[in-house]
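Reading through the structure tokens given below for one structure.
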Amino acid sequence: MHHAGLVTAFISLAPSILIEAVAGLALIGAFAVSAVAAFRQEDAREAAAVTFIVTAASLTFYGISGAFWGLLAGGLIYLLTHLRNRKPPTA
């Protein structure tokens, strides 16, 4: 019983778009868990959203990919948000 050979043959005959769709569906659970974790902290939600949007947009500047720009934009928003919300010291 060589099921692996049968499965491999079936997959090699399937259209690539079907394989991509199945792989995408398999990642939905991991994406949902990651999104919940990213947006859990109220004070970091804006930064998480900006990071996701810029990264998902695949913006490329100067040959540098969107993942870098997403992290940079999210980090900047996080920093600015925390500087804005910082309470002045009490005397």
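Remember, it's a predicted structure, so these values are computed and weren't measured experimentally.
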Gap separating the [atom1] atom of [X] from the [atom2] atom of [Y], nearest 0.5 angstrom:
X	Y	atom1	atom2	result
T51	I77	OG1	CD1	8.5 Å
D43	T81	CG	OG1	8.5 Å
L79	R84	CG	CZ	12.0 Å
F39	S34	CZ	OG	11.0 Å
L13	L18	CG	CG	11.5 Å
R45	Y78	CZ	OH	13.5 Å

Exercise. According to the interplanar angle, ranging from 0 to 90°, do the rings of F52 and F31 count as parallel (below 30°), tilted (30 to 60°) or perpendicular (above 60°)?
Worked result: tilted
If I compare all heavy atoms of [X] with all of [Y], which pair ends up nearest, and what's the gap?
X	Y	answer
A48	A38	CB-O, 3.6 Å
A73	V50	CB-CG1, 3.8 Å
T60	S65	OG1-CA, 4.2 Å

For this session: Please confirm whether F68 and Y62 have ring centers closer than 6.0 angstrom.
Result: no
Exercise. Shared ILVMFWY cluster between L72 and I64, side chains joined below 4.5 angstrom?
Worked result: yes
